[in-house]
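Presented below is the structure to which this report refers.
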Number of protein chains: 2
Amino acid sequence: MKPLVHPALRDITVEGILHALSDPVRVAIYADIVGSDCSQTCSNFVNIVDKPVPKSTLSVHFKALREAGLIRGERRGVEMYNVSRCSEIDGRFPGLIAAIVKAHNIQSEESRTPKVKSGSLKKRRLER
Amino acid sequence: MKPLVHPALRDITVEGILHALSDPVRVAIYADIVGSDCSQTCSNFVNIVDKPVPKSTLSVHFKALREAGLIRGERRGVEMYNVSRCSEIDGRFPGLIAAIVKAHNIQSEESRTPKVKSGSLKKRRLER
DNA sequence: TCAATAGTTCATAACTATTGAACTAAGGAG
DNA sequence: CTCCTTAGTTCAATAGTTATGAACTATTGA
């Protein structure tokens with residue numbers, strides 16, 4: 001199987017980061033990975049948004065996050081574990097990732113207030 | 001002529017902002033508008049990147065920035081003046097715009113140092 | 001060896017972006 | 001007033017990107 005591609009820190013671009021995070025599914029996945037202290041498999045995220053995400057689509061999203069330099073993926077047996085590269089990125093673009101994730105969280109909180117959304121996100125957290 | 005569309009603050013989304021700024025031409029235009037204290041016409045930006053941007057393309061880029069909620073445009077006679085909405089946005093997503101613009105500026109500085117790009121902007125390299 | 005599971009690749013259809021050409025609208029000059 | 005110039009918009013063609021079902025690979029375990 002093809003080895004995973006991870007750009008060097010110096011090859012990460014602001015545009016690449018913004019593009020990767022301009023998709024609602026990807027930014028939700030990424031905010032979750034950044035906010036969690038252990039690595040995450042792809043299939044954890046099938047229900048990250050209200051409509052289930054097909055696994056081919058998830059695979060493409062993870063590839064986009066990896067190639068933008070946002071996450072690091074590692075195959076372990078049949079699964080793939082993903083961790084964020086935010087401390088690396090923070091060395092080059094201080095505060096960028098934190099500001100985006102914070103804005104995303106503010107927006108998610110807002111959208112919970114008007115109507116009660118199905119909290120599938122929080123549920124997974126509990127079982128760790 | 002059609003009136004300009006500007007979303008209300010509450011209708012501005014993080015994804016919309018990130019998408020609008022994930023284009024190298026748009027982020028350069030926007031960083032310039034944010035960094036300048038007076039409003040700017042579209043055609044000021046024909047040479048914002050090394051290759052001149054066609055005016056139809058510029059028009060579309062300004063529309064994208066407006067509809068993402070990043071700038072406010074006002075027609076004055078035959079020209080259009082643009083100002084950033086960053087203080088409004090900052091009220092809802094604190095630090096987001098500043099972090100992105102800062103990251104963009106860091107990256108622009110870097111790209112002036114390592115290799116001499118056919119730089120139409122400034123050739124800092126020569127001074128080192 | 002076979003089955004199950006996790007993720008990838010491929011083909012194609014749907015979507016999005018770029019840009020030359022034609023257009024509109026405002027402000028002069030005569 | 002009419003004509004010209006300038007700034008920006010719209011349209012249509014085309015180029016490029018993205019989403020996803022189906023088929024595939026790789027690993028583990030029975």
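Values below: all heavy atoms of this structure, side chains included; hydrogens, waters and symmetry mates excluded. First the proteins, then the strands, lettered A, B, ... as listed; each starts at 1.
Close to dT9(C), at under 4.0 Å from its OP1 or OP2, lies a side-chain N or O of Lys2(A).
Side-chain contact between Met80(A) and Leu4(A): present, with at least one pair of heavy atoms (C-beta onward) separated by less than 4.5 Å. Ser84(B) places none of its side-chain heavy atoms less than 4.5 Å from the side chain of Ile89(B). Proximity of Leu70(A) to Val34(A): side-chain heavy atoms (C-beta onward) are nowhere separated by under 4.5 Å. Two residues are said to be in side-chain contact when any heavy atoms from C-beta on lie closer than 4.5 Å; Arg76(B) and Ser39(B) meet this criterion. Put simply, the side chain of Leu21(A) does not reach to within 4.5 Å of the side chain of Val14(B), judged on heavy atoms.
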Task: CA sep, side-chain torsions, deciding dist, call: His104(B), Ser108(B), side chain to side chain contact (heavy atoms under 4.5 Å, CB included) - done: CA-CA 6 Å; His104(B) 168 80; Ser108(B) 312; 3.5 Å; yes

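Among pairs with a residue in residues 48-69 of chain A, those fulfilling ring-ring contact (aromatic ring centres under 6.0 Å, His included) read Phe45(A)-Phe62(A), at least two apart in sequence or across chains. Sorted by first and then second residue, the pairs that involve residues 77-95 of chain A and meet salt bridge (Lys or Arg N to Asp or Glu O under 4.0 Å), not counting sequence neighbours, are Arg72(A)-Glu88(A), Arg85(A)-Glu88(A), Arg92(A)-Glu110(B).
The two residues Ser43(A) and Leu58(A) have their closest heavy-atom pair at CA-CD1, 4.5 Å. Heavy-atom minimum distance, Ala68(B) versus Ala20(B): CB-CB, 3.6 Å. Scanning both residues, Leu18(B) and Ile100(A), for their nearest heavy atoms gives CD1-CG2, 3.8 Å. When all heavy atoms of Cys86(B) and Tyr30(B) are compared, the pair lying nearest together is CB-OH, 3.8 Å. Looking at every heavy atom in both residues, Gln40(A) comes nearest to Asn44(A) through OE1-ND2, 2.9 Å.
Heavy-atom distances under 4.0 Å link DNA chain D to Thr41(B), Cys42(B), Ser43(B) of residues 19-43 of chain B, given in residue order. At a non-hydrogen distance threshold of 4.0 Å, Pro54(B), Ser56(B), Thr57(B), Val60(B), His61(B) from residues 54-74 of chain B come into contact with DNA chain C.
Atoms CE (Met80(B)) and P (dG8(D)) sit 7 Å apart, rounded to a whole Å. Rounded to an integer number of Å, the gap from Leu4(A) CG to dT25(D) P is 18 Å. Counting to the nearest Å, the C1' atom of dT5(C) and the CG atom of Asn44(A) are 14 Å from each other.
Paired runs in DNA chain D that reach 3 or more consecutive Watson-Crick or G-U pairs, where each pair keeps both distances under 3.5 Å, cover C:1-30 with D:1-30.
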Open item on the list: Within the 4.0 Å limit for protein heavy atoms, which parts of nucleotides 24-30 of chain C are touched? Write it as a string from 5' to 3', B for base, S for sugar-phosphate only, - for none.
Closed with: BBBS---

